[in-house]
Amino acid sequence: RAVGRSHSWSPLVPTSGVLVDMSNMDTILDVDRVNQRIVAQPGVPLRQLLEIAWNEGWRVRSVTAIQSLTLGGMLSVGAHGNDTGASTFSDDVVCIEFIDGFGELRCVDSSSPEELRALRVALGTAGIVTSITIQCYPSARFLYQVQTLTHDDVKEQAQIDALVACNELLEIYWYPFVDKVQVLTWNQIDEASPPKFVTEYGWIRRSASRLVQTVGQFAIGSPVAYFIDHVRPSYAWVLAWLSSQMFTIDEYLQTPLDAGHYLYAYHKVRDSGWAIPAEDAAAGLAAYRAEIERCADQDRYPVNICVHLRFIRSGDSLLGFNLDDDAPAHVDDCSSQRLICQIEAAMTRHAQSAPEFQRTMERTFVDPRFGGRPHWAKEGWGNVQPFAYRGRKKWARFVQWRKKWDPNNIFANHAVQNMDRQMQEIEGWLADDPGRTDGTLMRTLLDAPQQVLPTSAIHRKLLEPDGEE
């Protein structure tokens with residue numbers, strides 16, 4: 001298995017075989033100025049790609065908060081930002097070179113659209129990626145703004161729909177226990193006449209934002225957080241309040257280097273994420289709030305930072321966030337793709353009752369009410385059977401491509417093989433009882449025992465009781 005910077009909490013990387021460290025494959029191979037494309041090795045960090053694109057007058061869409069992520073890792077799990085008109089980073093990859101299970105170097109580009117769809121979010125199962133070609137777009141400057149609201153301002157779906165409709169990049173943070181909501185927006189501005197206040201004082205605000213986030217990172221990641229988690233969990237509101245102070249600088253100008261889901265400082269947290277239809281975003285937030293409040297009534301405080309919502313297009317990858325198993329075979333235009341909400345809960349590393357809470361929310365979001373799909377790079381997808389049932393057609397097509405790339409499963413670890421087994425079991429159930437309804441089978445799958453899949457040694461170390469790193 002290939003390994004990047006180990007930012008992912010998911011069980012995709014751990015293996016009983018060989019881990020291949022890709023960090024030294026960090027070279028930019030080519031800059032195609034005609035087609036606005038950059039060819040890079042998989043170990044290139046996102047920040048380096050953004051800087052090269054900026055120097056060329058371009059920007060990269062759907063960038064992540066952590067800019068030290070490597071491009072190979074982002075490609076493999078469908079990493080994304082908050083661009084309502086774009087999908088994942090993987091969907092802007094137009095060519096992939098990799099060494100397959102036969103030891104042969106292969107190159108797949110848009111001339112083979114179905115194979116490219118399978119490769120874009122391949123979970124590391126195709127082989128060892130050697131180069132990635134990323135499509136870039138004309139650069140722009142963005143006006144970054146923060147609105148401070150309450151839960152009542154976003155509890156109705158119409159309120160969220162209005163925010164999505166009038167903003168190019170959007171995030172919504174709800175902080176439990178302090179009933180505070182922050183709406184972060186980014187919109188392109190006319191560079192010929194930017195707002196005067198932002199132009200004159202933008203550098204001060206950027207510096208202040210960097211300082212506030214750095215202090216917040218220290219506070220949340222300090223022994224204070226450890227003390228609250230283990231000794232005074234009922235003080236979870238303190239951590240939620242500290243988190244809400246990280247976006248207090250309310251307006252300044254940003255370049256594509258820091259626009260859209262970028263944090264100057266990123267504290268170590270654990271989180272789980274689910275893609276649900278955007279039209280169910282308010283219901284998803286309400287479900288999180290109800291479970292957090294139920295836990296608090298039992299003196300349990302698993303979520304002590306925030307619940308976070310982003311909105312992107314569903315994408316075109318077979319294992320991406322397209323919620324429809326019968327979606328068209330290939331869609332080039334992002335604007336015609338379904339809008340989804342990526343909703344997740346963030347908590348400190350030692351948060352009380354976190355695994356139980358995540359299992360409960362997993363059950364909630366994979367239920368047909370939401371029909372959610374897991375974020376492959378995050379925690380909380382131990383019971384993959386419900387997803388496997390809904391996504392079985394796309395997984396079956398993906399497996400056909402895997403057999404072509406790696407028939408001996410050299411690159412498939414325990415988590416991937418577990419998914420394969422789940423699919424086979426489900427196909428057997430359907431064959432035995434073809435008249436079984438979706439609802440009946442889904443109830444059975446939701447009640448199946450949870451499997452605890454291994455996370456990386458790095459993450460196990462982070463969660464050890466002594467708190468040492």
### Task
Give the intermediate values and the outcome of side-chain contact (heavy atoms from CB on, under 4.5 Å) for residues Val93 and Thr133.
CA-CA 6 Å; Val93 172; Thr133 302; 5.8 Å; no
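- The closest donor-acceptor contact from the side chain of Arg1 to the backbone of Leu12 lies under 3.5 Å.
- Asn413 places a side-chain N or O within 3.5 Å of a backbone atom of Val416 that can act as its donor or acceptor partner.
- More than 12 heavy-atom neighbours from other residues, nucleotides or ligands sit within 6.0 angstrom of CH2 on Trp54.
- Looking only at distances, a side-chain donor or acceptor of Thr84 sits under 3.5 Å from a matching main-chain atom of Asn167.
- In summary, Arg117 and Asp91 do not engage in a salt bridge, as defined by a charged side-chain N under 4.0 Å from a carboxylate O.
- With respect to Arg338 and Glu279, a salt bridge is recorded, a charged nitrogen being found less than 4.0 Å from a carboxylate O.
- In this structure the side chain of Asp21 reaches within 4.5 angstrom of the side chain of Ser23, judged on heavy atoms.
- Scanning both residues, Ala287 and Thr364, for their nearest heavy atoms gives CB-CG2, 4.1 Å.
- Of the N and O atoms on the side chains of Glu51 and Asn55, not one donor lies less than 3.5 Å from an acceptor on the other residue.
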### Task
Mind running side-chain contact (heavy atoms from CB on, under 4.5 Å) on Leu169 and Tyr144 for me, showing each step along the way?
CA-CA 9 Å; Leu169 290 83; Tyr144 164 69; over 6 Å; no
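- A distance of 13.0 Å separates OG1 of Thr148 from OH of Tyr173, quoted to the nearest 0.5 Å.
- Phe89 does not carry Arg61 over the face of its six-membered ring by the limits of under 6.0 Å from the centre and within 45° of the normal.
- Here the shortest heavy-atom pairing between Arg373 and Gly320 reads NH1-O, 3.6 Å.
- A distance of 10.5 Å separates CG in Asp153 from CD1 in Ile172, rounded to the nearest 0.5 Å.
- Side-chain contact, Asp83 with Ser62: no donor N or O sits under 3.5 Å from an acceptor N or O.
- Residues Val154 and Val181 approach most closely at CG2-CG2, 4.0 Å, considering heavy atoms.
- Closest approach of Ser87 and Ser314 over heavy atoms only: OG-C, 3.5 Å.
- Proximity of Asp280 to Arg369: side-chain heavy atoms (C-beta onward) are separated by under 4.5 Å at one or more points.
- Under the 3.5 Å distance criterion, the side-chain polar atoms of Gln147 are left unmatched by any main-chain donor or acceptor of Val183.
- Residues Gln36 and Ile134 have side chains not in contact (no heavy-atom distance under 4.5 Å, counting atoms from C-beta outward).
- Side-chain N/O atoms of Arg37 and Gln135 include a donor and acceptor closer than 3.5 Å.
- At a cut-off of 3.5 Å, with distance as the only test, a side-chain donor of Glu171 or His308 sits close to an acceptor on the other residue.
- Between Arg294 and Asp297 no salt bridge is recorded (no basic side-chain N to carboxylate O distance below 4.0 Å).
- A donor-acceptor contact shorter than 3.5 Å links the side chain of Ser90 to the backbone of Arg120.
- Side-chain polar atoms of Arg313 and Gln337 form no donor-acceptor pair below 3.5 angstrom.
- In this structure, Ser272 and Tyr288 approach most closely via the heavy-atom pair O-OH, 3.9 Å.
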### Query
Does the side-chain contact (heavy atoms from CB on, under 4.5 Å) test come out yes or no for Trp186 and Leu143, once each step is laid out?
CA-CA 5 Å; Trp186 294 258; Leu143 180 60; over 6 Å; no
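- Taken from CD1 in Ile312 to CG in Leu170, the straight-line distance is 12.5 Å, to the nearest 0.5 Å.
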### Query
Between Val129 and Leu119, does a side-chain contact (heavy atoms from CB on, under 4.5 Å) hold up when you go through it step by step?
CA-CA 10 Å; Val129 174; Leu119 272 174; over 6 Å; no
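- Val121 has its side chain within reach of Leu123: a pair of non-hydrogen atoms, C-beta onward, lies under 4.5 Å apart.
- Looking only at atom types and distance, the side chain of Asp92 has a donor-acceptor partner in the side chain of Tyr137 under 3.5 Å away.
- Distance check, rounded to the nearest 0.5 Å: CG of Leu149 to CD of Gln182 gives 9.0 Å.
- Of the charged side-chain nitrogens involved, none lies within less than 4.0 Å of a carboxylate oxygen, so that Arg300 and Glu356 do not count as a salt-bridged pair.
- For the atom pair CD (Glu168) and CD (Gln188), the distance works out to 4.5 Å, reported to the nearest 0.5 Å.
- Proximity of a side-chain donor or acceptor of Gln159 to a complementary backbone N or O of Asp152 within less than 3.5 Å is detected.
- Rounding to the nearest 0.5 angstrom, the gap separating the CG atom in Leu46 from the CG atom in Leu50 is 4.0 Å.
- Residues Arg59 and Phe142 are in side-chain contact: their nearest non-hydrogen atoms beyond the backbone lie under 4.5 Å apart.
- Lys180 is not listed as a side-chain neighbour of His151, based on a closest heavy-atom distance of 4.5 Å or more.
- The backbone N or O of Gly73 sits nowhere less than 3.5 Å from a side-chain atom of Ser76 that would complete a donor-acceptor pair.
- Under the 4.5 Å side-chain criterion, counting only non-hydrogen atoms from C-beta, Trp58 is in contact with Ile38.
- Counting heavy atoms from C-beta outward, Val31 and Glu56 have side chains that approach closer than 4.5 Å.
- Shown here for Asn304 and Ala351, the closest heavy-atom pair between the two residues is ND2-CB, 3.9 Å.
- In this structure, Trp237 and Tyr235 have tilted ring planes: the angle between them lies in the 30° to 60° band.
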